Q: 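What follows is a structure written as structure tokens; I'll ask about it next.
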Amino acid sequence: MKTKVETSCLVTLPDKVVITSSYHSRKDRKKKGKKKRHYNKWRVCCEETVQEFTSSTLINNVVQDPLTGRIYVGAVNAIYQLDSSLNQERKVETGPKRDSHLCTPPIVSCTDAKMTNNANKLLLVHPSNGSLIVCGSLFKGICSLLNLSNIEQQIYYSDSKGEKTYVASSEEAVSVVGVMSTFTQSENKFEVFVVGKGYGIYDNTKLISTRILQDYDEWVVFENIVEASAVQATPFIQKYMHNFRYSFKEGGFIYFLFTRTRGGASNKHFTFISRLCENDTHYYSYIELQLSCGPSNMYNKAQAAFIASPGEELVQNLNASGRYGTVDSQDKVLFVVSSTDEEKPHSGLCMYPLSSVNGRMKDIASSCYTSFGKYGSKVAVEAPYETFSSVLCSNKIHKETLERYPCGADFLTSPLASTEDFALSAPAVHNSSDLLTAVAVAVETRHTVAFLGSSSGKVYGLHLSDTPVVCRNVSGPSSGDAVNKHLFFTTNSSHLYITAGKKISMVPVEECHLMTDCRSCMALKDPYCGWCVLEGRCTRKSDCRRAEEENQWLWGPRQQCLEQ
């Protein structure tokens, strides 16, 4: 579909009159006979600010190939291949096709089959063999492999391998997330992807599954190669109403962020993060930790998350709070936007250093194996999905054994989960009366900026200082649809990709050039923008030639503009 380019021009005249105008494309500009004038004494700031791609149907997933910068879009009935500027390169139609929940693929003589839309459920870049993993809602959630360079070339597809290859879900409301990984069997290392999936009444019951990407021995492509009953048992999945929101890999572990109930009469959701050792081929290391956000866990339902390294300023603030132990700039922090359970929910942003998450998980396991599941006076451990007897935890495992088996073993109880009293709590550093649906985090110089998207289609930047402040409103898609949780940056971090409804927008992370004098530049309080004294313009620090010299790039509450 057509890529739209909006150009904003700001001209400052000698008598301080400001003229602004906007054009939608070079073609329109030419048609209207408008020309960009050049003035010797006037500052003319013209820059392409927004580029958009529009799909013909709702966009479900968006991923980026970090090597090429290409963007892949999973939409209803279509997969798109775009360049990094959102120009369409290729398109593959994936539906509608004849299907039925009541029939097993291949759909040949199924009398219940009818033309059915194919929503994209999972999209992953598989870089080692140059393929794109595409899983849709048709045919019990089976997947295919497409060529990363040309998605019109199908590398693998089969609808006749049976239930063992059903990966995603056929139901629109069921969330699916995944992450690339490796799996070692008999000294052979295989590329796999690990999937977290909620429950659909027509789906398989695998909460977590490891899917192989090649035929090996008796395994076939996309088959689940780990059978761990603890997280793949029929009785509990529907009862706990899992909603997976995010997955990532870090430090030898695979993490899943999701919400679920506690399995009782209440349907209240809680946010959990679970962790597996990447080299754990039996899921013995599987453990869940509740994450609480805001006072009394006010924001109990995670909507979206982003993992990133914090800037120096944020590291200092985290350490000064005394809440998270010692955090350094090499650590990763999980940024989570969560909401209340109300009909018109409001939201909060909470931060969880991964070192704190891992430390709390270690405490949970240790208390189960050495202290009957208690940490101090509190019960810290519970069985998340099965009714264990009172001997769930013991005090018979030596700490040396735990150090020897950091990824669990068949003689250690698994899976484990934190009790509500032992949840990892964090204050909400930002509150919104809107429903926050997306978050992406970047570091500029020593500052950390969180870009937040909402259900009303708004996107804004939040400077995570000791008193977080909104530093910029971002021009996203104009549709007014909710911002998709897949919010991320270009490979050089200069632009942000925003998806809402059928549109993706590529917008700059800053528009410093729109401020034409020092006072207005400094008034932004935007970590991206400071006054470049020698050049007399508002710029990023990296764009100011002598920024490292004292008083040559002005930013912050302690620096002031020079009086004329």
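Keep in mind that this is a model prediction, so the values were computed, not measured.
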Q: Looking only at atom types and distance, does a side-chain atom of Thr437 sit under 3.5 Å from a main-chain N or O of Val483, one as donor and one as acceptor?
A: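 It does hold such a pair.
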Q: Are the side chain of Thr448 and the backbone N or O of Gly311 linked by a donor-acceptor pair below 3.5 Å?
A: yes
Q: Please tell me whether Asn61 and His486 have a donor and an acceptor in their side chains that are separated by less than 3.5 angstrom.
A: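 Their side chains do contain a donor-acceptor pair, which is all the 3.5 Å distance test asks for.
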Q: Could you check whether any side-chain N or O of Asn224 sits under 3.5 Å from a backbone N or O of Arg211, counting only pairs where one atom can act as donor and the other as acceptor?
A: no
Q: Minimum heavy-atom separation for Ser367 to Val381, with atom names?
A: OG-CG2, 3.3 Å
Q: Going by the side chain to side chain contact (heavy atoms under 4.5 Å, CB included) test, name the single residue among Phe488, Tyr497, Phe53 that passes it with Val62.
A: Phe488
Q: Classify the angle between the aromatic ring planes of Phe244 and Phe256 as parallel (below 30°), tilted (30 to 60°) or perpendicular (above 60°).
A: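 If you compare the ring of Phe244 with that of Phe256, the planes turn out perpendicular.
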Q: May I ask you to check whether Phe270 and Phe272 place their ring centres under 6.0 Å from each other?
A: no
Q: Short question: side chain of Arg323, backbone of Ala426 - any donor-acceptor pair under 3.5 Å?
A: no
Q: Do the rings of His463 and His447 sit parallel, tilted or perpendicular, given the 30° and 60° boundaries?
A: perpendicular
Q: Given 3.5 Å as the limit, does a donor-acceptor pair link the side chain of Glu171 with the main chain of Ile201, or not?
A: yes
Q: The test is side-chain contact (heavy atoms from CB on, under 4.5 Å); show your working for Ile208 and Val195 and say whether it passes.
A: CA-CA 6 Å; Ile208 308 290; Val195 178; over 6 Å; no
Q: Can you name the closest pair of heavy atoms from Leu464 and Ala450 and give their distance?
A: CD1-CB, 4.0 Å
Q: Quick one, Ile133 with Met180, criterion side-chain contact (heavy atoms from CB on, under 4.5 Å). Give me CA distance, side-chain angles, the key distance, then yes/no.
A: CA-CA 10 Å; Ile133 301 170; Met180 296 300 302; 3.7 Å; yes
Q: Taking all non-hydrogen atoms of both residues into account, name the closest pair between Asp341 and Lys301 and its distance.
A: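 Smallest interatomic distance, heavy atoms only, reads OD1-CD, 2.8 Å.
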Q: Could you go through the side-chain contact (heavy atoms from CB on, under 4.5 Å) check for Tyr286 and Asp280 one step at a time?
A: CA-CA 9 Å; Tyr286 186 85; Asp280 176 10; 6.0 Å; no
Q: Is it true that the side chains of Asp434 and Ser454 contain a donor and an acceptor less than 3.5 Å apart?
A: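 Yes, because at least one side-chain N or O of Asp434 sits under 3.5 Å from a partner of the opposite role on Ser454.
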Q: So, Ser274 and Glu288: side-chain donor and acceptor under 3.5 Å apart, yes or no?
A: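 Ser274 vs Glu288: no donor-acceptor pair found between side chains.
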Q: Please tell me whether Asp466 and Asn317 have a donor and an acceptor in their side chains that are separated by less than 3.5 angstrom.
A: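 No, because no side-chain N or O of Asp466 sits under 3.5 Å from a partner of the opposite role on Asn317.
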Q: Flag yes if more than 12 heavy atoms outside Lys362 fall under 6.0 Å of its NZ atom; otherwise flag no.
A: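 Open.
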Q: What side chain to side chain donor-acceptor pair (under 3.5 Å) pairs are there with at least one residue in residues 133-144, not counting sequence neighbours?
A: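 Found none.
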Q: Give, for atom NZ of Lys121 and atom NZ of Lys197, the distance between the pair rounded to the nearest 0.5 Å.
A: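 Answer rounded to 0.5 Å: 9.5 Å.
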Q: At what distance, to the nearest 0.5 angstrom, does CG of Leu213 lie from CH2 of Trp219?
A: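 The CG atom of Leu213 sits 12.5 Å away from the CH2 atom of Trp219.
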Q: Return the NZ to CD1 distance between Lys161 and Ile142, rounded to the nearest 0.5 Å.
A: 11.5 Å
Q: When rounded to the nearest 0.5 angstrom, what is the spacing between OG in Ser285 and CG in Leu412?
A: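 Rounded to the nearest 0.5 Å, the OG-CG separation comes out at 11.0 Å.
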Q: Just by modelled atom types, is the Lys268 backbone N or O under 3.5 Å from a matching donor or acceptor in the Arg262 side chain?
A: no
Q: Any non-hydrogen side-chain atom of Ile273 less than 4.5 Å from a side-chain atom of Leu424?
A: no
Q: If we only count heavy atoms from C-beta on, is the Val441 to Val439 side-chain gap below 4.5 Å?
A: yes
Q: In the structure I gave you, are the side-chain heavy atoms of Phe253 and Cys277 within less than 4.5 Å of one another anywhere?
A: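 Yes; the side chains approach each other to less than 4.5 Å.
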Q: Counting heavy atoms not belonging to Lys458, are there more than 12 under 6.0 Å from its NZ?
A: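 Open: at most 12 neighbouring heavy atoms sit under 6.0 Å from NZ of Lys458.
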Q: Is it true that a side-chain atom of Tyr352 and a backbone atom of Tyr324 form a donor plus acceptor pair closer than 3.5 Å?
A: no
Q: For the residue pair Asp328 and Pro310, what are the closest heavy atoms and their distance?
A: O-CG, 4.2 Å
Q: Just by distance, with hydrogens left out, do Tyr299 and Asn431 show a side-chain donor and acceptor under 3.5 Å apart?
A: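 Result is yes, a qualifying pair exists.
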Q: Give a yes or no on this: more than 12 heavy atoms of other residues, nucleotides or ligands lie within 6.0 Å of atom CD of Glu342.
A: yes
Q: Between the main-chain N or O of Gln290 and the side-chain N or O of Ser418, is there a donor-acceptor pair closer than 3.5 Å?
A: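 Here the side-chain-to-backbone pair exists.
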Q: Looking at every non-hydrogen atom in both residues, tell me the closest pair between Leu435 and Ser339 and how far apart they are.
A: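 Scanning both residues completely, I find the closest heavy atoms to be CD1-CB, 3.5 Å.
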Q: Does some side-chain heavy atom of Leu257 sit less than 4.5 Å from a side-chain heavy atom of Leu291?
A: yes
Q: How about Asn358 and Tyr255: does a side-chain donor come under 3.5 Å of a side-chain acceptor?
A: yes
Q: Could you check, using the six-membered ring where one of them is a Trp, whether Phe335 and Phe306 have ring centers closer than 6.0 angstrom?
A: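 No: the rings miss the under 6.0 Å criterion.
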Q: On a heavy-atom basis, which atom in Ala302 and which in Val336 lie closest, and how many Å separate them?
A: CB-CG1, 3.9 Å
Q: Could you check whether any side-chain N or O of His495 sits under 3.5 Å from a backbone N or O of Ser493, counting only pairs where one atom can act as donor and the other as acceptor?
A: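 No, because the side chain of His495 does not come within donor-acceptor range (under 3.5 Å) of the backbone of Ser493.
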Q: So, do Phe183 and Phe190 have ring centers that fall under 6.0 Å from each other?
A: no
Q: Do the rings of His242 and Phe258 sit parallel, tilted or perpendicular, given the 30° and 60° boundaries?
A: tilted
Q: Give a yes or no on whether the ring-centroid distance for Tyr405 and Tyr284 is below 6.0 angstrom.
A: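 No; Tyr284 has its ring centre 6.0 Å or more from that of Tyr405.
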Q: Quick one: are Lys97 and Asn118 in side-chain contact, heavy atoms under 4.5 Å?
A: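 Of all side-chain heavy-atom pairs linking Asn118 with Lys97, none is under 4.5 Å.
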Q: Take Phe451 and Phe489 through the test side-chain contact (heavy atoms from CB on, under 4.5 Å) and record every step on the way to the result.
A: CA-CA 10 Å; Phe451 290 90; Phe489 302 94; 3.8 Å; yes
Q: Donor-acceptor pair, Ser296 side chain versus Met298 backbone, under 3.5 Å?
A: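 Looks like no, no N/O pair under 3.5 Å.
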Q: Is there side-chain contact between Leu436 and Gln303, with heavy atoms separated by less than 4.5 Å?
A: no
Q: To the nearest 0.5 Å, what is the distance between OG1 (Thr261) and CG (Asn243)?
A: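 Going from the OG1 atom of Thr261 to the CG atom of Asn243 covers 11.5 Å.
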Q: When rounded to the nearest 0.5 angstrom, what distance separates CZ in Arg70 from CG in Leu148?
A: 8.0 Å
Q: I'd like to check Thr413 versus Tyr369 (side-chain heavy atoms, cut-off strictly below 4.5 Å). Are they in contact?
A: yes
Q: Would you indicate whether the side-chain heavy atoms of Thr94 and Asn120 approach each other to under 4.5 Å?
A: no
